[in-house]
There are 2 protein chains.
Amino acid sequence: MPSRLEELCVQKGLKMTDQRRVISRVLSEATDHPDVEEVHRRASAIDPRISIATVYRTMRLFEEAHVIDRLDFGDGRARYEKTRTDHHHHLIDVETGEVVEFASEEMERLKEAIARELGYDLIGHRLELYGVARSRRQEPQGDS
Amino acid sequence: MPSRLEELCVQKGLKMTDQRRVISRVLSEATDHPDVEEVHRRASAIDPRISIATVYRTMRLFEEAHVIDRLDFGDGRARYEKTRTDHHHHLIDVETGEVVEFASEEMERLKEAIARELGYDLIGHRLELYGVARSRRQEPQGDS
DNA sequence: ATAGCTGCAAAGCATTTGCTGCTAA
DNA sequence: TTAGCAGCAAATGCTTTGCAGCTAT
């Protein structure tokens with residue numbers, strides 16, 4: 001059974017090879033935001049004859065076809081997620097690296113309003129929050 | 001006359017060498033958001049015996065002393081600005097690279113509220129808007 | 001045949017670092 | 001003298017790319 005992401009790729013006219021199929025399946029099944037190395041690791045577990053260069057090339061290909069989105073959490077490497085229809089943003093737990101997704105209609109309105117006020121039409125935007133779980137704050141065994 | 005940024009550095013207990021003085025002056029006089037290469041270029045114009053490695057080391061030093069802030073506009077290199085007391089964000093003109101600063105009390109409130117709702121205390125955040133000047137949109141001579 | 005894809009290794013870019021000589025207290 | 005700094009070049013980490021062989025049509 002082709003993954004949902006593979007079907008999307010085909011719709012976009014992408015030629016699907018074995019390695020692209022494996023990568024699309026890995027991405028389709030991911031519930032997190034893996035970087036290229038992690039995608040390569042998971043893809044290699046399915047089919048070891050897949051090089052990191054191909055993963056890089058495929059990620060770029062998929063990104064240009066708008067079936068995945070590149071994320072930048074400021075740590076120097078790109079993360080990816082399936083393209084979604086809903087606007088959403090990410091809150092990164094700075095202690096665990098965990099990523100919490102959230103959406104806010106108010107935020108959408110506000111950034112449009114700000115751009116308009118400044119005389120601009122909004123093309124894109126980026127918003128991430130970095131935080132620590134409030135429950136963890138009162139536990140005094142923090143070892144950093 | 002020492003630059004304001006140099007004075008700040010001294011207050012923070014940093015040892016000021018000739019090259020650090022030059023770099024602090026460059027940063028103090030900057031009204032834009034230069035990257036390391038640009039800081040090096042401007043510093044070299046004042047005193048040519050200053051290496052890019054020293055600029056990198058000094059930027060990190062200044063950043064750790066909280067006299068400058070590192071910015072990331074998503075183009076792979078770090079930009080810098082003097083540390084300011086006011087919360088503000090950046091709108092990047094995707095056609096000219098120009099950076100417009102803005103502040104929004106509503107935005108500050110909103111992101112705090114979102115984090116709290118998700119059960120987190122906010123440690124940091126990142127927000128950039130990318131846009132095109134509305135005035136430029138109707139001029140049909142766009143050559144891209 | 002032929003266009004396009006892959007793997008490998010080399011190159012690229014921003015940034016960091018090991019080392020050695022220098023500099024200021 | 002001695003701790004810390006600067007310059008240089010080599011190393012790093014992520015990503016891209018040149019090249020030659022392979023694979024489907």
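Lettering follows sequence order; numbering is per chain, from 1.
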Exercise. How close or far is atom C1' of C:dG7 from atom CD1 of A:Ile23, stated in whole angstroms?
Worked result: 13 Å
Problem set entry | Over 12 foreign heavy atoms within 6.0 Å of CZ, A:Arg79 | yes
Seminar exercise, completed: From OH of B:Tyr80 across to P of C:dA14 the rounded distance in Å is 13 Å
Exercise. In this structure, are over 12 heavy atoms from other groups packed under 6.0 Å from A:Arg42 atom CZ?
Worked result: yes
Exercise. Any idea which of C:dG7, D:dA9, D:dC5 is nearest the B:Ala53 side chain?
Worked result: D:dA9
For this session: Could you check whether A:Arg57 gets within reach of a base, just the sugar-phosphate, or nothing at all, counting any heavy atom under 4.0 Å?
Result: base
Exercise. Can you check whether A:Thr54 has a side-chain N or O nearer than 4.0 Å to OP1 or OP2 of C:dG7?
Worked result: yes
For this session: Can you figure out which of D:dC14, C:dC5, C:dT15 approaches the side chain of A:Arg77 most closely?
Result: D:dC14
For this session: Would you please say whether a donor-acceptor pair under 3.5 Å links the side chains of B:His33 and B:Glu81?
Result: yes
Seminar exercise, completed: Separation of C:dA14 atom C1' from B:Glu38 atom CD, nearest Å, is 16 Å
Problem set entry | Whole angstrom value for the distance that separates P of D:dC5 from CG of B:Leu61 | 8 Å
For this session: Could you state the atom-to-atom distance from CD of B:Glu37 to C1' of C:dC13 in whole Å?
Result: 10 Å
For this session: Between C:dT15, D:dG4, D:dT16, spot the one nearest the side chain of B:Lys15, thanks.
Result: D:dG4
For this session: Indicate yes or no: does A:Asp75 engage A:Arg77 in a salt bridge with an N to O separation below 4.0 Å.
Result: yes
For this session: Starting at atom CG of A:Leu14, determine the distance to atom P of C:dG4, rounded to an integer number of angstrom.
Result: 14 Å
Exercise. When the nearest nucleotide of DNA chain C is assigned to B:Tyr56 and to A:Ile50 on a heavy-atom basis, which residue is associated with the more 5' position?
Worked result: A:Ile50
Seminar exercise, completed: Heavy-atom nearest nucleotide on DNA chain D taken for B:Thr58 and for A:Ala78; more 5' hit belongs to B:Thr58
Exercise. Which part of the nucleic acid does A:Gln19 contact within heavy-atom distance under 4.0 Å: base, sugar-phosphate only, or nothing?
Worked result: sugar-phosphate
Exercise. Taking atom P of C:dT23 as reference, at what distance in whole Å does atom CZ of B:Arg20 sit?
Worked result: 16 Å
Exercise. Is the NE2 atom of A:His88 crowded by more than 12 outside heavy atoms at less than 6.0 Å?
Worked result: yes
Exercise. According to a strict under-4.0 Å criterion, is A:Arg60 in side-chain N/O contact with OP1 or OP2 of D:dT15?
Worked result: no
Exercise. Is B:Ile52 touching bases, backbone alone, or none of the nucleic acid, heavy atoms closer than 4.0 Å?
Worked result: nothing
Problem set entry | Length of the line joining A:Met59:CE and D:dT16:P, which is rounded to integer Å | 11 Å
Problem set entry | Phosphate contact (D:dA6 OP1 or OP2) by B:Thr17 side-chain N/O below 4.0 Å | yes
